[in-house]
Amino acid sequence: MTIRVLTVEDDERIRASVKLALEDEGWIVDEAPTGEDAITIFQSSPADVVLIDIMLPGIDGFELCRTIRKISDVPIVMVTARIDTHDVVAGLEAGADDYLTKPFAPKELSARIRALLRRVRPSAPGHSKLVFGNLEIIPDEGKVTLDGKEVPLTKTEFRLLCELAHDPNGVFSREVLLDKVWGHGYFGDGRLVDVHIRRLRMKVEVDPAEPTHVVTVRGLGYRLQS
Amino acid sequence: MILSAVLAITTYGFTRSSFVQQRETAEINQAFANAKRVQNDLLANPTDVIGALEQFGSAQRLVYIGGVWTSNSKNFTQADIPTSLKTRVITDLRAANMIVDHAQNTALIVGIPLEQVNAVYFELESLRQTQDALRSVLIALLLSGAITTAVGIGLGLLVSGRTVQPLVQAAQAAKAIAQGRFDTRLETTQDRDLQALTTAFNDMVETLQMRVERDARFTSDVSHELRSPLMTLAASAQVMHSRRDELPERSQAALDLLIGDVTRFQGLVEDLLEISRFDAGAIRLINEPLVLIEFVRQAIAVSSLPRTDIVYASASEQILVQGDKRRLARVFANLIDNARIHSGGKPKIVIQLADDDPTMSHVWVIVEDDGSGLIDGEEEKIFERFSRGGSAGQRAGSEGAGLGLALAAEHVALHSGSIWAENRTDGIRGARFIVELDIFVASTVPEKSLPTTEASA
């Protein structure tokens, strides 16, 4: 399957160079100079991954991210100017799956995209359904239900949940989750895990403030339990 | 102070003389009256000398009659009377008085010839009370003098303090500003002369602050503007690089040069941006507890010499530090770059507890090389921006822009650590750069750094 990337960036030259580099990977690249254009293009030809620069004329990257999230679970990579501002957390809260800081090397970008598009590990035969009390996961169908009702998860949220489900009651440190879900090394950002766990809880917990499934193991990490 | 002392002493002198004189006169008059009574009693009853002496009053008396001394007190005998007074009264038969020391006190002795009974009468009146009174006066005077002096000094200090205080504040403010705290301002005052100075001072700081911020913003803006074209350059160069084999040899060489310098340029721009963030105080660390050995290993892995050796005692494996891992990793990457570029040697990293640290609360990460070492006086200069040290000549043309060590120093300071350079102390030629960090104690892990909510068993 050919990967289709939508890159939203107002700087024409950066857009062009990113397009050249990603096309070298054998991917199809759509370009949008504004958020408004991005929505139009995305609706006519849905991409497999969207790359959004936060600083956009018109509707900004956060807004665009929220808009796309409403209609799609497509992986989104945010591009920010700085790592230590609220932009990163705000972007993740808006629904982004990962972020990159400018300037980034095209190789770094393609690696991130590849990690986000990784498939969930196929479940072992006879274990097509994982049950955690009122929470059920069917990895092969990409389906999750809470009290029998289907819960809409993004691809990254689903992969995170499946990683946790892979070893029921096992504790996963942020570093391990960063590596398995995002493919980041040691210098990955733990905030990615924290924000995604929070989002996951909003969906798979009856009371997200008192989680019973995705629980914190203080000082160690997270665990999935029934 | 001298004035008040002189005043006190003079006052005392006057008081004393008038007081004593008054008392003497009174005593002498009383003595004459007493002498008259004694004479009358003796005339009436010449044998009862003791009786005549004891009939009245409290004064100690002595009568010399017919070569016999009779006293009404054991404490007053003829031995107490000075010879000169005796001669004058007994021989010359003239009334006289004298102040003597008696029983550790001053006393007044009055001698009066009693001609009608052919006797001599002496009376001793202690001046102790007078003296006590005088002493009280003296103490009071000295005390009031001292108080006056103290109050005077206090007032003087207060007044001069009020005058000097604004100057002290201005000096402190100037110092704070020199240290980069540009939000420092002088407080407004009621004093009109001072107000003019305060306003001028504050205006000056305001202008200075604006200028510094403008400079910092300029650096930041320039770097930001350079970033985008650089990113395009780097991405395009990479596209060319992936087709390098298709290019003629000369184009390949040109492409290699292009990629090398684009990378270097990007590094410089990033360093400049980071420096301008320091200058603007806009850096926010993303701190977390780090296992030091593991962290240093990871930092080396992404540095320009990923195979650099680490030497440490096994006891150091558990050491934690608190830090922003990306920024802290830059410190070690920069130190390794520095060793690689400037010493041309292979650096080694040593991790150990800080020397001379009885509390064992600091750890040293030492980047050691076997290069030419540091020239005298170079130890601090190399941490300055765009400094390449004293041996710049032999180092010129290298890839470092001279910001690496300056940035390392800023980052370490931001982590409340220290960094310094020195020549190796183990007898081998070369330099060593020591980064001292606080050891992090796990029990003080702030809640924030942990994922929130409950811990279930």
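Lettering of chains follows the sequences in order, A, B, ..., and the numbering in each one begins at 1. Any value given below was found using the heavy atoms of this structure, including those in side chains, with hydrogens, waters and symmetry copies removed.
- At a heavy-atom cut-off of under 4.5 Å, chain B is reached by no residue from residues 109-117 of chain A.
- Judged purely by distance below 3.5 Å, without hydrogens or angles, the side chains of B/Glu436 and B/Trp364 pair a donor atom with an acceptor atom.
- Within the 4.5 angstrom heavy-atom criterion, atoms from both the backbone and the side chain of B/Ser236 approach chain A.
- A donor and an acceptor atom, one from each side chain of A/Glu205 and A/Thr212, are located under 3.5 Å apart.
- Neither the backbone nor the side chain of B/Val269 comes within contact range of chain A; no heavy atoms are under 4.5 Å apart.
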How far apart are the C-alpha atoms of A/Arg69 and A/Asp97, what are their side-chain angles, what is the distance that settles it, and do they pass the salt bridge (charged side-chain N to carboxylate O under 4.0 Å, His left out) test? CA-CA 11 Å; A/Arg69 255 303 152 258; A/Asp97 297 89; 2.7 Å; yes
Show your working on salt bridge (charged side-chain N to carboxylate O under 4.0 Å, His left out) between A/Asp10 and A/Arg15 and close with a plain yes or no. CA-CA 8 Å; A/Asp10 63 325; A/Arg15 217 168 56 226; over 6 Å; no
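- Among residues at least two apart or in separate chains, side-chain hydrogen bond (donor to acceptor under 3.5 Å, both in side chains) pairs with a member in residues 294-311 of chain B are B/Glu294-B/Arg297, B/Glu294-B/Gln298, B/Arg297-B/Tyr312, B/Ser304-B/Asp337, B/Ser304-B/Arg340.
- Between A/Tyr186 and B/Phe295, the ring planes are tilted. Angles from 30° to 60° get that label.
- The side-chain contact (heavy atoms from CB on, under 4.5 Å) with B/Leu292 is formed by just one residue from the set B/Leu320, B/Ile351, B/Leu328; it is B/Ile351.
- Annotation: residues 406-414 of chain B contacts chain A through no residue [non-hydrogen atoms, separation under 4.5 Å].
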Could you walk me through whether A/Glu93 and A/Arg191 satisfy the salt bridge (charged side-chain N to carboxylate O under 4.0 Å, His left out) test, starting with their C-alpha distance in whole Å, then the side-chain angles of each, then the deciding distance to 0.1 Å, before giving a yes or no? CA-CA 11 Å; A/Glu93 302 271 12; A/Arg191 294 178 297 180; over 6 Å; no
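- Counting only residues at least two apart or in different chains, ring-ring contact (aromatic ring centres under 6.0 Å, His included) contacts with residues 228-272 of chain B are absent.
- Of all the listed residues (B/Leu233, B/Leu230, B/Leu273, B/Val239), the one sharing the greatest number of non-hydrogen pairs under 4.5 Å with chain A is B/Val239.
- Note: B/Ala235 leads B/Ala235, B/Ala329, B/Ala301, B/Ser242 in heavy-atom pairs under 4.5 Å with chain A.
- Of the N and O atoms on the side chains of B/Asn287 and B/Asp324, not one donor lies less than 3.5 Å from an acceptor on the other residue.
- Side-chain contact between A/Lys180 and A/Arg118 is absent, with no heavy atoms from C-beta onward closer than 4.5 Å.
- B/Arg284 and A/His86 form a side-chain donor-acceptor contact under 3.5 Å, judged by distance and modelled atom types alone.
- Of the two parts of A/Ala16, neither the backbone nor the side chain holds a non-hydrogen atom closer than 4.5 Å to a non-hydrogen atom of chain B.
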